[in-house]
Amino acid sequence: MARALTRPRLPKENPVSKVKEYIDREMHRFRNELFEFLRIPSVSARGEHATDVRAAASWLASRMRDAGLEASVVETPGHPVVLGEWRGAPPGAPTVLVYGHYDVQPPEPLGEWDSPAFEPTVRDGNLYARGASDDKGQLFLHLKALEAHLRGAGGLPVNVVVVAEGEEEVGSPNLVPFVEAHRQRLACDAVVISDSSMFAPGLPSLLFSLRGLAYFEIHVQGPRSDLHSGTYGGAVVNPGNAMARILASLKEDTGRVAIPGFYDDVVEWDQSTRESIRRLPFDQEGFLQEVGAPGLDGEAGFSLLERLWIRPTCDVNGVLCGYTGEGAKTVLPARAMAKVSFRLVPHQSPARVRELLEEHVARVAPPEVTARVVELHGGRPWKAELTGEFFEAARTALEEAFGTPPVLTGEGGSIPIVVDFQEILQAPVLLMGFAPPGANMHAPNEWIPLENFEMGIRAVAGFYTELGG
Ligand code: BES
Ligand code: MN
Ligand code: MN
């Protein structure tokens, strides 16, 4: 009794401060767990990593259980989906679906990494590893925000279902069937995704668009097998030269894609969006530094950011042909192959682009070779509805965490499942990115500032706090 009198009076238990205290107290462990996650080489594209992908899935399911979610590893014809659920919110509370991917891109070229791709290393407060930004670091920060509420404050104001897929980097071939098969279980009021970047250091972003993607191989076959280029050159059409003609015919000097009909479904963007893009604090000099190229490209009549976000484009991703070893070999190769992708904007569709490309290649390829187009994968472009309680909660939480309100930005990359979520689940999708600009996604020395990981946890935790209140 005497002791109780001398004890200072504690304020009434405050769940918000309990969440924050939990994050402060556990941050060191959160970081170490992220390092563990990044050490698993879950490269979805490579058959030899299939057991690693699976190991990442079961590791993630265990961390979901630690966080207070029910978790299961759900089989698909490819790599599994990890599903986490917490349904303890008060009756009538909304449900949020969190999506992310635990697979990563191959780490090659290995020699260009300053520290090994799967040995997370901190330099100057930045964490380097494959998947640090895309998307393990960003997926994991969501789990930690959920954990802070569930373990720190004993619950969440909304129900939550987490979908972590292991095939995003190979085009999500099994995810649409998965979402359709589980549409009841995945029913939700909003989808939240962190798999994109911040516009500038310290400046959080909410996305208003993503470009779509249509990815192809073009195969050109000439003679039955390689020929002596002296004996046959000049009389037999060279597939390398034929491929060069085909590839050169894809773009005009003005930066426009030259395939007839390609722009038919492209919509002009409203002036207010274009105006808001123009107002963003864009550092063009920094961009040039970031890419390290002698100069820049682009479609006439559009600013650099518009070229990246609201205009479609065409890129050669790789070419395979003839002799590329040491020294000179005089050869007329039998075949050539090129990987070509198009980034799409509303309302272009990968299926239509495929038809147009097939017609175009048939028209421009010399008739003395056979040329064929193979579609690898595609994804539709997406444009957001930036209204509603979830959007407002995200805006407030980001402002509170970063001390500055988020900017609305577009994105040149693609997350194909976004449009499918919106259509199948009939729920708005919110994209808030925590990767730094120039995160080296898909490239050597991928990184995330540890600060972004931590602020991301705080911002997402704040998002749920906002929804509760
Ligand atoms: N997270 C990226 C997409 C992205 C990158 C969004 C940068 C925002 C900023 C995603 O993992 C990705 O790489 N998508 C692929 C498409 C997929 C079908 C392989 C892409 O955009 O090339
Ligand atoms: Mn990603
Ligand atoms: Mn990626």
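Worth saying up front: this structure is predicted, and the values here are computed from it rather than measured. Start at 1 with the first residue, then count along the sequence. Note that ligands are numbered from 1 as they come in the structure, with each ligand's atoms numbered from 1 the same way.
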How far apart are the C-alpha atoms of F262 and F342, what are their side-chain angles, what is the distance that settles it, and do they pass the ring-ring contact (aromatic ring centres under 6.0 Å, His included) test? CA-CA 10 Å; F262 185 79; F342 299 82; 5.6 Å; yes
May I ask you to identify the nearest protein heavy atom to atom 8 (C) of ligand 1, giving residue, atom name and distance to one decimal place in Å? E411 CD, 3.0 Å
Does CG in D124 sit with more than 12 non-hydrogen atoms of other residues, nucleotides or ligands closer than 6.0 Å? no
How many angstroms lie between CG in D264 and NE2 in H347, if you round to the nearest 0.5 Å? 13.5 Å
Step by step, would you call K144 with E26 a salt bridge (Lys or Arg N to Asp or Glu O under 4.0 Å)? CA-CA 9 Å; K144 296 298 109 177; E26 303 295 330; over 6 Å; no
Could you identify the single nearest non-hydrogen protein atom to atom 5 (C) of ligand 1 and state the distance to 0.1 Å? M441 SD, 3.6 Å
For atom 4 (C) of ligand 1, what's the nearest protein heavy-atom neighbour? Residue, atom name and distance, please. D195 O, 3.7 Å
Note: heavy atom closest to atom 22 (O) of ligand 1, options R343, Q105, E169, belongs to R343
In the protein, how many N/O/S atoms are under 2.8 Å from the Mn ion (ligand 2)? 4
Using the salt bridge (Lys or Arg N to Asp or Glu O under 4.0 Å) rule, pick out the option among R311, R256, R307, K251 that qualifies with D297. K251
Within the structure provided, determine whether Y215 and V340 are in side-chain contact (heavy-atom separation under 4.5 Å). no
Closest protein heavy atom (residue, atom, distance) for atom 11 (O) of ligand 1: E168 OE1, 2.7 Å
What residue and heavy atom of the protein are closest to atom 14 (N) of ligand 1, and at what distance? S414 O, 2.8 Å
Kindly indicate, with the supporting measurements, whether the criterion ring-ring contact (aromatic ring centres under 6.0 Å, His included) is fulfilled by F453 and F434. CA-CA 7 Å; F453 174 68; F434 299 107; 9.9 Å; no
May I ask you to decide whether E400 forms a salt bridge with R458, counting only side-chain N to carboxylate O separations under 4.0 Å? no
N-O pairing of E411 and R211 below 4.0 Å: no
